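Okay, so here's the structure we're looking at.
Letters A, B, ... are given to chains in the order of the sequence lines, protein chains preceding strands, and every chain is numbered from 1. For clarity, every value in this text was computed on a predicted model and none was experimentally measured.
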Amino acid sequence: MKLEEALEKYFGFKKFLPGQAEVIQAVLTRPHVLGVLPTGGGKSLCFQLPGLLLPGLTLVISPLVALMKDQVDGLHARSLYQATYLNSQLPWREYRERLRRLKEGAYKLVYLAPERLRSRAFLEAIRHRPVSLVAVGEAHCVSQWGHDFRPDYLWISRFCRWLPGRPKLLALTATATPAVQEDILAKLEMENPYRVVASSNRPNLFFSVQPVSREGDKLAALQKMLAGERGCGIIYTGTRRDCEFLAKWLRRELRLPVLHYHAGMSPQERTAAQERFAAGEVPLIVATNAFGMGINKEDIRFVIHYTLPGSLEAYYQEVGRAGRDGRPAWSLLLYAPRDRGLQEFLIRQETVTENDARRLSAYIENRRQGDRAILKLEDMAGLDLEETKLRFLLSEMEQRGLIRSVERTPEAIGVLITGTFRREHWQAIARQSQRLAEEKRKKLAVMVDYAAKRQCRRETILRYFGEEKPGPAGPCCDVCQGI
DNA sequence: CGGGGTAGCTATACAGCTACCCCGGTGCCGTATT
């Protein structure tokens with residue numbers, strides 16, 4: 001069957017979008033494929049179609065449980081019932097039933113979060129199913145989150161090695177600088193990959209930066225920008241408190257209907273806000289960086305940053321949510337130089353020290369019974385380690401062969417102690433954390449440069465993404481327009 | 001690092017200032033059956 005026939009048979013489309021056919025052809029014929037395709041370029045199809053055509057199972061690694069459900073619902077709507085997902089949102093019985101059906105070979109496509117790859121029950125179920133393809137969606141998460149926040153992203157490669165047959169690997173993302181691309185390839189252990197890298201340029205987006213010195217100036221600038229704007233938009237803030245404050249202010253002072261969204265809200269509140277925004281019921285949402293992944297809203301006309309983000313790629317990802325319909329859309333960064341302090345704080349906060357590593361080692365030794373230890377999350381609160389730090393430390397210890405995480409419950413982590421904790425390990429872990437912090441500081445400096453210098457914004461962004469600025473095609477940015 | 005809130009002082013204004021404290025982003029994750 002030709003690819004176009006399969007496309008029409010399964011999805012009802014007559015033609016591929018640019019880049020799709022190339023990626024799919026590569027996935028079918030080569031072991032490792034990296035696809036950097038712009039937002040709205042139909043990335044899902046790049047693993048869904050091969051998933052249906054390849055003989056074995058396709059595992060789709062997805063960062064958010066909400067995304068899995070949407071995608072699988074979409075496939076079911078096309079009568080593609082060989083697709084499912086596994087995550088902690090499922091009722092126990094349903095989860096067990098799906099594992100059983102997985103073992104029986106009922107599925108072709110299974111969506112999961114990287115953390116699932118460490119579940120014993122899952123590993124047991126998958127062990128005897130031939131896996132043809134492991135597709136990593138939103139693959140920039142490997143680089144962005146894998147090093148510390150969600151270390152299980154770094155275990156995808158080990159999982160692939162553990163599988164009896166070596167599966168194909170496909171990594172897909174909309175935004176990845178050359179450095180991030182290399183990081184993804186290295187962490188997923190993808191060798192001699194076939195690359196499909198489309199331009200990151202979004203001609204219909206207008207970029208602007210407004211320097212402000214005081215908080216009050218931000219509000220004045222916002223008021224000015226929002227006056228007369230009738231389209232949908234997102235305003236990103238750096239903190240939850242600002243998010244709530246700003247939403248209230250917009251409601252009260254500007255009498256605008258506004259939603260807000262951050263990770264401190266209940267799951268129900270978050271879903272409700274997201275759905276109301278997506279449905280166009282309320283045109284404006286104020287959010288932290290928790291908001292946006294998997295938002296398919298086409299008609300977002302503007303994205304405003306109330307606070308400086310931590311990196312240019314994070315910024316461009318957020319801005320890139322505007323104008324998916326191809327019609328003109330604008331972005332504005334309100335730049336107060338002191339906002340850099342927040343990002344610096346966040347970097348410092350998650351950097352672990354030798355002493356942090358020593359304290360955790362001591363705790364594990366303390367809990368040791370034979371070669372095992374049960375680490376209680378409640379006790380570990382007394383160690384004065386941030387949750388992110390703790391995860392990072394455990395992951396680093398595991399990578400150094402000191403422990404193996406064998407079992408997890410919401411209250412505890414069971415570990416097998418496989419090495420001897422020594423000072424050199426603590427030092428090495430602290431050094432690794434320092435290196436990561438340095439990387440983040442460099443990225444922050446690039447972001448600050450973008451905001452502070454009067455250089456063509458589009459050119460600055462595209463150069464960072466390893467591209468030349470294309471010729472003029474409509475309004476570009478505040479600098480080019482002389483604003 | 002910086003913003004915002006508050007206590008406490010001054011000393012006669014019902015406000016203004018300083019010193020001090022606290023706070024600050026992102027998300028997955030188990031079980032048992034056979």
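Close to B:dG24, at under 4.0 Å from its OP1 or OP2, lies no side-chain N or O of A:R241. Here A:T239 does not reach the OP1 or OP2 of B:dG24: none of its side-chain N or O atoms lies under 4.0 Å away.
Using modelled atom types, no side-chain atom of A:D148 and backbone atom of A:F392 make a donor-acceptor pair closer than 3.5 Å. At distances below 3.5 Å, at least one donor-acceptor pair connects side-chain atoms of A:R368 with backbone N or O atoms of A:G370. Under the 3.5 Å distance criterion, the side-chain polar atoms of A:K168 are left unmatched by any main-chain donor or acceptor of A:H32.
Ring orientation note: the planes of A:Y316 and A:F207 are tilted relative to one another, at an angle of 30° to 60°.
Checked by distance alone, A:E350 brings a side-chain donor or acceptor within 3.5 Å of a matching partner on the base of B:dG25.
For B:dG8 and B:dC29, the P atoms lie 48 Å apart once the distance is rounded to whole Å. Straight-line distance between the C1' atoms of B:dC9 and B:dC14: roughly 15 Å, to the nearest whole Å. Rounded to the nearest Å, the gap between the C1' atom of B:dA13 and that of B:dC17 is 13 Å. Look at the C1' atom in both B:dC20 and B:dT12: the space between them is 26 Å, to the nearest Å.
Non-hydrogen atoms lying under 4.0 Å from DNA chain B are contributed by A:A113, A:E115, A:R116, A:S119, A:A121, all within residues 110-127 of chain A.
Cation-pi geometry between A:R98 and A:Y85 is met: the NZ or CZ atom falls under 6.0 Å from the ring centre, inside 45° of the normal.
Consecutive pairing runs in DNA chain B reach the stem threshold at B:1-10 with B:15-24, where a stem means at least three Watson-Crick or G-U wobble pairs with distances under 3.5 Å.
Judged by ring centres under 5.5 Å apart and planes tilted less than 30 degrees, A:F149 stacks against the six-membered base ring of B:dT26.
Nearest-nucleotide mapping onto DNA chain B: of A:D242 and A:R270, the residue sitting toward the 5' end is A:D242.
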